[in-house]
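Accompanying notes for the structure given below.
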Number of protein chains: 2
Amino acid sequence: MRKTIFSLSIAVIPFLLVAPVLADEGNPAIIHRQGIYSAVGGHMKAIKSILLLEFDAAKDVTFHAQGIVDAFTHMGNSFPPGSDKGETKAKPEIWTDKDKFAQLGKNAFGAANDLLKAAQGGDKQITLAAFKKLGESCKSCHDDFKSK
Amino acid sequence: MRKTIFSLSIAVIPFLLVAPVLADEGNPAIIHRQGIYSAVGGHMKAIKSILLLEFDAAKDVTFHAQGIVDAFTHMGNSFPPGSDKGETKAKPEIWTDKDKFAQLGKNAFGAANDLLKAAQGGDKQITLAAFKKLGESCKSCHDDFKSK
């Protein structure tokens, strides 16, 4: 027991030192949603490399599509009131036109699920079409709700 | 059957039009590895928001740690010869000092698995320590093998 407490203390020390600095880096909701969207964007980019640029990993499209669906599923409460302040490209319309923002979010989530189903089906052209639809769905939301 | 073929043709047309343009955008291996690293970075950022900035999603740390491990697992042949050319921050040392690069990659993968185990264990301080170790592991590789 004593050993456990000692090990824990050693492990905690660096964070006691660095946490206050890191904690100033931003609004937690902003950092969280940027992380989620980066994960989504990363999987999108990987799928693009496979479907459009012929990177040799055809069997991984399902993994990446699942990664997008799962990331969206873990969005949580990422746009709470007040998280329009700070280093963010989120436009004020997210909070003033909530219904439209929610609808476009649902559309993107639906398109991500369609991509997953298409990838699982294994037909490249159908998967490409679903990938393109998801890309358009992302863009339609960015056009209205994300600053350049 | 005729209807299926017709639908497929409609779906394929946009890609026949846009694929050649998109294909000029980069080396497929570069785009693929950037996608993988963006997914990893996104999950790292989400974990940071939870562990260091108190974003209210403590139960999601395991998901994000798993996302990092899974993304690394799907790296594939992401640094083939010739993929030092193009829009990339990959330094030439990746190909001239392969053994060191491979070792640092293994270290990062090990640190990601350690983070996953820690997150599954549920102790926040142990998870924080493992998260910091993974961050250091990423940095030690970037220092030698990634341009600023």
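All heavy atoms count here, side chains included; hydrogens, waters and symmetry mates do not. Chain letters run A, B, ... following the sequence lines, proteins first and then strands; every chain starts at 1.
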Any residue of residues 69-84 of chain B which, by heavy atoms, sits under 4.5 Å from chain A: B:Asp70, B:Ala71, B:His74, B:Met75, B:Asn77, B:Ser78

Single-linkage hydrophobic cluster A:Phe109~A:Ile94, side-chain heavy atoms < 4.5 angstrom: yes

Chain B contact via A:Leu51 - which portion, at a heavy-atom distance below 4.5 Å: neither

Are A:Leu104 and A:Trp95 linked, directly or through intermediate hydrophobic residues, by side-chain heavy-atom contacts shorter than 4.5 Å (ILVMFWY only)? yes

Heavy-atom pair of closest approach, residues A:Gly26 and B:Leu53: O-CD1, 4.0 Å

Minimal heavy-atom distance between A:Pro28 and B:Ser49, with the atoms involved, is O-CB, 3.6 Å

Please say whether more than 12 non-hydrogen atoms of neighbouring residues, nucleotides or ligands are located less than 6.0 Å from CG in B:Asp144. yes

Please enumerate all residues that pass side-chain hydrogen bond (donor to acceptor under 3.5 Å, both in side chains) together with A:Lys124, with sequence neighbours excluded. A:Glu54

Below 4.5 Å from any heavy atom of chain A, which atoms of B:Ile50 appear? Answer side chain, backbone, both or neither. side chain

Where along residues 35-44 of chain B does a heavy atom come under 4.5 Å of chain A, listed by residue number? B:Gly35, B:Ile36, B:Ser38, B:Ala39, B:Gly42, B:His43

How would you list, by chain and number, every residue that makes a ring-ring contact (aromatic ring centres under 6.0 Å, His included) with B:His32, sequence neighbours excluded? A:Phe55

